[in-house]
Amino acid sequence: MTQCGCVSAANLSLKLNNTVKTRDAQCTFTCDLKLGSQCFSGSEFMGTSLRTAYNRISNERSSRDIYNLQVRCIDYPRPDLENTVNFLEAAQLSSTFRSAPRPERPLKVVIAGAGLAGLSTAKYLADAGHQPLLLEARDVLGGKVAAWKDEDGDWYETGLHIFFGAYPNMQNLFGELGINDRLQWKEHSMIFAMPNKPGEFSRFDFPEVLPAPLNGIWAILRNNEMLTWPEKVKFAIGLLPAIVGGQPYVEAQDGLTVKEWMKKQGVPERVTHEVFIAMSKALNFINPDELSMQCILIALNRFLQEKHGSKMAFLDGNPPERLCAPIVDHVRSLGGEVKLNSRINRIELNPDGTVKGFLLSNGSMVEGDAYVFATPVDILKLQLPESWKEIPYFKKLDKLVGVPVINVHIWFDRKLRNAYDHLLFSRSSLLSVYADMSVTCKEYYNPNQSMLELVFAPAEEWISRSDQEIIDATMRELAKLFPDEISADQSKAKILKYHVVKTPRSVYKTVPNCEPCRPLQKSPIEGFYLAGDYTKQKYLASMEGAVLSGKLCAQAIIKDYELLVTRGQKSYAEASIC
């Protein structure tokens, strides 16, 4: 298989090259006399950092270290996603916007929230010839994928974001924007830490030569470190109803937690402990005794039914610039607008209960032909007018509550050896997944230091604690994962700085019986729509779900074009009479 190389941020001169092959990828080791770095524009400073006195490596190297080794791991080729059923279905939906008849009078659609759901809504409305006006309360794009640059020029993010092959609408979006090359694909594996064997990992390797679901079955059968053969057999038998029953069966399991479903199907409890605690925290930041089994089955269905479904990619840099900004550029090129620092204070209503406009915190009123709320569900509930709250469509939202999550970034004074160029499942009681971003991401590349980005979950008991407490707890867990390199007292690897980003309400908490409460994108209020991964769509509360919700929201608005145009003309006529 041909491998495509990725170039790090380094500028090279006077090179001596040697190439070796490792288990993970082909790596080029370069002796380098001169270092340069790429620069990226900044954003607001948020979160908390701890700094100790140190000089950046470029200023601190001794003469004997001047020929530092730089490791540039070569990423894997983009998988063949274009011929899958789900990718083609997503592509067809995208094409309907571009091929739609150009409207005689484009709709002005006011959208609240510049996360992926709002950006997606704006993008596809613009593709269809309409004029979206996207309003974002903060001065940074991305919502739950936002990131900020600190005073050293280092980025820190709201979350550790992974782009799966099973994200067809997201993958289409990258292609439509011409930025497929910004995804750094990793080997097709899932890698779990082994708590009983500190410093060791257990792998599920998906062979390229086998189609789905055989590649997934092979990966499971070949792994003998986490599950015994009897446990594998019982788990496979337990999954049979989901395989045979398909989507209707999956949706019917919404009323059971993962733990309850496993017990009902006769799956050994150790399967939950060994595998599904880690998966539950990775999918929704909560444990199996809370998570709806529907969430797990949706993920397994995508991962097992699509050959490249579980294959992972990292974005090659910070999400606001590398993903969100191209969407904004596209929207603006088609006549749309995107405004930051535009916080909505109140939804103003007409006498008939429909939306008159969005009143901003600066006192100005923004009016349009249609209105979209693409914020997290908790923010929407705070903004709902009193007269709407008892409407069943909105009343059901009470069940949907955002789950707290904490994202931790730690810069160390050395390169950690016990880390892969991949996402790692920690299987820790406090940590979910983590990655050495100085290896996995081009923009964050550093040949001499490691920057671990970790998801701290479940976080409900920790969200109100101090950053120092969170860092201390994280270091204790890392000492188990890196016993030869990290100790809780920093007697080994030392912290140079850290950032802790707390999100008190992130994606909605996918507990049992939430599915009936997820709203359609079109509300019962004429001219008012919703977008967000919590709204009704067939994917999880995820980046893919957010993008798909935006497409479905744009589709609903376009279907209502005649109604919205007539409504706008009526409002204009009434205003003229007054």
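The residues of the chain are indexed from 1 along the displayed sequence.
Looking only at distances, a side-chain donor or acceptor of E544 sits under 3.5 Å from a matching main-chain atom of N169. Judged purely by atom type and a 3.5 angstrom limit, E157 has no side-chain atom pairing as donor or acceptor with the backbone of P319. Remark: the backbone N or O of L141 is not paired with any side-chain donor or acceptor of E136 at under 3.5 angstrom. Proximity of a side-chain donor or acceptor of D413 to a complementary backbone N or O of A493 within less than 3.5 Å is not detected. At least one donor-acceptor pair under 3.5 Å links the side chain of N284 to the backbone N or O of Y508. For the pair S542 (side chain) and L540 (backbone), a donor-acceptor distance under 3.5 Å is present. Side-chain atoms of E485 come within 3.5 Å of backbone atoms of N418 as a donor-acceptor pair (strictly under, hydrogens ignored). Checking side-chain atoms of R222 against main-chain N and O of F206 turns up no donor-acceptor pair under 3.5 Å. For K551 (side chain) and F97 (main-chain N/O), no donor-acceptor pair under 3.5 Å exists by modelled atom type. Judged purely by atom type and a 3.5 angstrom limit, T535 uses its side chain to pair as donor or acceptor with the backbone of G532.
Within the 4.5 Å cutoff, no side-chain heavy atoms of L431 are placed close to those of K281. Residues Q184 and D421 form no side-chain contact, since every pair of their non-hydrogen atoms from C-beta on lies 4.5 Å or further apart. Using a 4.5 Å heavy-atom threshold, the side chains of L548 and L93 count as touching. Under the 4.5 Å side-chain criterion, counting only non-hydrogen atoms from C-beta, Q305 is not in contact with N86. Residues E460 and K509 form a side-chain contact, since some pair of their non-hydrogen atoms from C-beta on lies under 4.5 Å apart. For the pair K144 and M543, the minimum side-chain heavy-atom distance is 4.5 Å or more. Side-chain contact between V275 and L227: present, with at least one pair of heavy atoms (C-beta onward) separated by less than 4.5 Å. Looking only at side-chain heavy atoms (C-beta outward), K415 and S438 come within less than 4.5 Å of each other.
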(message) Assess the residue pair D533 and Y539 against the criterion (side chain to side chain contact (heavy atoms under 4.5 Å, CB included)); give the C-alpha distance rounded to whole Å, side-chain angles, the decisive distance to 0.1 Å, and a yes or no.
(response) CA-CA 8 Å; D533 57 16; Y539 289 89; over 6 Å; no

(request) Starting from the C-alpha separation in whole Å, work towards a yes-or-no answer on side chain to side chain contact (heavy atoms under 4.5 Å, CB included) for K497 and E151. (result) CA-CA 12 Å; K497 66 177 179 179; E151 66 271 24; over 6 Å; no

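Taking the six-membered ring where the residue is Trp, the centroids of H499 and W411 are separated by under 6.0 Å. Taking the centre of each ring, F164 and F303 come in below the 6.0 Å mark.
Side chains of S94 and E176: a donor-acceptor N/O pair is present below 3.5 angstrom, by distance only. At a cut-off of 3.5 Å, with distance as the only test, no side-chain donor of E306 or T84 sits close to an acceptor on the other residue. Side-chain contact, S310 with H188: a donor N or O sits under 3.5 Å from an acceptor N or O. Looking only at atom types and distance, the side chain of N223 has a donor-acceptor partner in the side chain of S202 under 3.5 Å away. In summary, the side chains of S189 and D205 do present a donor paired with an acceptor at a separation below 3.5 Å, with no hydrogens or angles considered.
Atom-to-atom distance recorded for R414:CZ and Q449:CD is 11.0 Å, nearest 0.5 angstrom. Taken to the nearest 0.5 Å, the OG1 atom of T272 stands 11.5 Å off from the CE atom of M279. With rounding to the nearest 0.5 Å, the separation of CG in L183 from CZ in F174 is 4.0 Å.
Put simply, the residue from W462, F285, Y498 that forms a ring-ring contact (aromatic ring centres under 6.0 Å, His included) with F456 is W462. Under the ring-ring contact (aromatic ring centres under 6.0 Å, His included) rule, F192 has a single partner from F204, Y434, Y420, F201, which is F204.
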